[in-house]
Amino acid sequence: MDLPFDPKNPAFEYITSMETAQKALEDLSAAKIIAVDVEANSLDPYTGVLLLVQLSTEAKSYIFDARSILFKDLPLYKKIMEDSNIIKLLHNASFDYKYLKLHTHVELKNIFDTMLAEGVLKAGLGMGYRLKDLVDRRIQKDLLNKDLQKSFIDVTKNTKITDEQLKYAASDTLILFPLFRQQIEDLKKENLQKIAKLEFAVSPVVAGMELKGVFIDVKKWRKIIADLGEKRDRLAIEFQEAIRHLYSFSQMDMFGGMGDMININSQVQLMELFNNKLGLNIPSTNDAILNRVNNPIVKLLRDYRGYAKLVSTYGENLLQKINPVTGRLHPSFLQIATATGRFACNDPNVQNIPRNSKEFAFRECFNPAPGYKIVDADFSNFEMRILADFSGDEKMINALKNELDIHSYTASLMFDKPYSNDFKKKFPELRQMAKPIGFGLMYGMGAPGLVGRIYAETGKEITVEESDQLINKFFQSYPRVKSFLDKMAKNAQKNGWSSTPAGRKRWYHLPDKDDIDYRRKLSSIGREAKNHPIQGTNADAIKYALVFAHERMVKDKIDGAIILTVHDEIACEVREDQAQDFAPALASEMVRAGELFLKKVPVVSQPFVGDVWEH
DNA sequence: AGAGGTGGTG
DNA sequence: CATGCACCACCTCT
């Protein structure tokens with residue numbers, strides 16, 4: 001394909017004086033589309049130095065040396081960056097957005113992000129979305145050389161930028177134009193413009209959320225993990241004591257202390273212990289298996305693991321991620337890491353911090369800054385509402401319309417008992433059975449899976465046949481739910497993709513007919529496709545809600561920021577005196593987002609105000 | 001370094 | 001036929 005530039009010799013101008021900067025900006029202000037990229041010496045905008053800001057037309061890249069250019073003295077710079085009529089073309093815009101906001105005090109407007117675009121175009125296919133991946137796939141293999149990317153780590157305030165580095169910086173923006181033209185066509189062809197626009201609108205909100213970060217009470221956190229660590233250590237010793245007699249040798253250190261018999265964390269050694277020494281005959285050591293084994297050693301291991309998990313995953317490692325400049329955690333919210341459209345999160349992952357319990361309350365350590373409150377809202381039973389709405393099942397819709405307790409109502413239908421407001425009290429065990437069925441079937445669960453779920457939930461051991469009958473009962477109660485889910489599975493198995501009503505698509509690798517795993521892979525696609533419109537619509541709604549909530553904050557002049565999102569939840573930090581008013585506003589913006597997709601079932605969002613995360 | 005097992009969340 | 005969706009972090013083992 002024809003490239004608009006020679007990658008060995010890209011057209012660029014290196015700008016180090018205010019006079020040439022002004023001239024460059026005048027040239028740029030005539031462009032309809034500007035590619036934007038920055039080079040910095042760190043991934044962290046708080047500790048890093050902004051080195052280069054590349055602003056490019058399709059013909060030429062203007063490379064501003066941010067160490068000598070004072071952007072604040074160039075009003076045209078801010079005007080261009082915040083001009084909604086000029087498209088800003090970026091790859092992974094949220095990274096550049098953060099640097100530009102923090103170091104040059106502009107907020108990019110009208111973003112087209114080639115990384116996000118690729119994400120919506122290739123969801124589910126397991127492809128990389130790095131710039132190099134896109135260029136390799138779409139333009140030419142190995143055209144883009146990213147070796148120089150790391151070279152900027154060593155650049156400081158006074159280091160000279162090499163010609164090679166400038167060529168690299170220029171190429172990174174110039175290459176975005178051909179990618180953009182291809183993706184625009186692909187987005188049209190797949191009818192994904194609307195979802196791409198949504199993702200582009202979410203990107204600055206994510207950048208803002210990542211910049212703001214979240215406060216964590218370190219002392220309180222350390223107290224929790226110290227307590228859990230002690231419990232873990234005691235259980236480890238007890239475990240070794242309990243198995244000592246099974247081992248012929250007894251290790252002793254030089255002071256007479258008893259050594260460990262096995263490495264308690266080694267799955268291989270545990271299997272040897274359980275199957276060869278104890279004759280338990282178990283296929284694996286995961287908790288779903290171990291919880292059915294009545295054995296004191298197994299019990300010790302399960303308890304140990306509970307604490308060991310918490311200490312290792314949520315211990316000191318997490319605190320090390322506190323930013324030295326802000327004193328807060330700044331997790332990354334990954335906008336397109338999942339096949340369904342949901343966010344993922346890392347460094348640290350705050351989407352799997354354990355729920356508060358009597359024994360430990362990690363989420364209570366997430367607090368607002370002094371003078372602020374946490375304002376949080378989440379969708380109630382949202383996925384169940386989506387299922388009811390999309391399937392059109394009358395009984396499920398009416399139950400939700402009438403605000404019945406949905407799991408009690410399901411149990412009343414399945415087990416032929418009258419529904420009442422105190423059903424939960426009168427038939428707790430029936431409700432307990434119905435709950436995992438409702439959730440499980442949304443994910444395409446089968447009878448054997450349900451046996452395990454019911455056991456974990458209720459401690460009741462049922463047969464696969466009984467499980468099968470329960471599933472049938474559920475589907476007889478909600479017949480349209482079954483036909484809806486089956487249709488989703490069938491379509492995906494035929495077409496190789498599924499979509500949410502908002503238009504978000506997910507692709508599947510359809511297996512060849514002669515594939516050894518043909519049936520297994522096809523079943524898997526069926527289950528994924530049953531779940532996709534449900535989980536994906538939840539994701540669509542929360543992404544709209546993030547944009548709406550952010551706009552609302554600006555409109556209502558709220559002193560605050562969005563700090564977290566966890567799938568069906570948005571948490572904000574808001575100045576004390578505004579928190580009570582903003583809480584219902586946040587909930588209503590979430591409802592407005594949800595109502596874009598649910599037409600037959602009400603959307604409910606529950607707001608909370610407090611000094612800790614979680615209510 | 002990468003795979004596999006395990007387990008935390010929605 | 002195989003048998004629950006979506007993730008990320010930590011651990012061991014190769």
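In what follows, every chain begins at residue 1, and chains take the letters A, B, ... in the order their sequences are listed. These figures come from a predicted structure and were not determined experimentally.
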### Message
Checking the side chain of A:E364 only, and the main-chain atoms of A:V612 only, is there a donor and an acceptor separated by less than 3.5 Å?
### Response
no
### Query
Quick one: does A:R305 reach the base of B:dG7 with a side-chain donor-acceptor pair under 3.5 Å?
no
### Task
Would you mind reading off the distance between A:Q267 atom CD and B:dG4 atom P, rounded to a whole angstrom?
13 Å
### Query
Between B:dG8, C:dC8, B:dG10, which one does the side chain of A:Y314 approach most closely?
B:dG8
#### Entry: Donor-acceptor contact below 3.5 Å, side chain A:E118 vs main chain A:M115
no
### Query
Which nucleotide in the set B:dG8, C:dC7, C:dC10 lies at the smallest distance from any side-chain heavy atom of A:A344?
C:dC7
### Task
Would you kindly give the OH-to-C1' distance between A:Y307 and B:dT6, to the nearest whole Å?
18 Å
### Task
Would you mind reporting whether A:I353 and A:W613 have side-chain heavy atoms less than 4.5 Å apart?
yes
### Task
Would you check if A:P354 and A:Y314 make a side-chain contact, meaning some heavy-atom pair closer than 4.5 Å?
yes
### Query
Considering only C:dC5, B:dG10, C:dC10, which nucleotide approaches the side chain of A:R506 most closely?
C:dC5
### Message
Given C:dC13, C:dC8, C:dA9, identify the nucleotide with an atom nearest to the side chain of A:K309.
### Response
C:dA9
### Message
Please confirm whether the shortest side-chain N or O distance from A:Q535 to OP1 or OP2 of C:dC7 is below 4.0 Å.
### Response
no
### Task
Check every atom of C:dT3, C:dA6, B:dG7 against the side chain of A:R527 and return the nucleotide holding the closest atom.
C:dT3
### Donor-acceptor pair (no angle test) under 3.5 Å: A:R453 side chain, C:dG4 base
yes
## Note on the structure
In whole angstroms, the gap separating C1' of C:dC5 from CG of A:D568 amounts to 15 Å
### Query
Just how far, in rounded Å, is C1' of C:dC5 from CG of A:N531?
4 Å
### Summary
In whole angstroms, the gap separating C1' of C:dC5 from CE of A:M442 amounts to 9 Å
### Message
Quick check on C:dC10: is either OP1 or OP2 less than 4.0 Å from any side-chain nitrogen or oxygen of A:N317?
### Response
yes
### Message
Can you tell me if A:R519 touches the phosphate of C:dT3, counting only side-chain N or O atoms and a distance under 4.0 Å to OP1 or OP2?
### Response
no
### Out of C:dC8, C:dT12, C:dT3, whichever nucleotide has its closest atom nearest the side chain of A:S266
C:dT12
### Query
In whole Å, what is the span from the OH atom of A:Y443 to the C1' atom of C:dC5?
6 Å
### Task
May I ask you to check if A:K231 and A:Y304 form a cation-pi contact, with NZ or CZ under 6.0 angstrom from the six-membered ring centre and within 45° of the axis?
no
### Query
Of all the nucleotides listed (C:dC8, C:dC10, C:dC13), which has the minimum atom distance to the side chain of A:Q269?
C:dC13
### For atom CE of A:M271 and atom P of C:dC13, their distance in whole Å
13 Å
### Message
Which nucleotide wins on minimum distance to the side chain of A:N352, given the candidates C:dC8, B:dT6, C:dC11?
### Response
C:dC8
### Query
For A:I264 and C:dC13, what is the distance between atoms CD1 and P respectively, to the nearest whole Å?
13 Å
### Task
Scan residues 469-490 of chain A against DNA chain C and write down, sorted by residue number, each residue with any heavy atom closer than 4.0 Å; if none is found, say none.
none
### Query
Any idea which of C:dC8, B:dT6, C:dC5 is nearest the A:S284 side chain?
B:dT6
### Task
Measure from the side-chain heavy atoms of A:L334 and tell me the nearest of C:dC11, C:dC8, C:dA6.
C:dC8
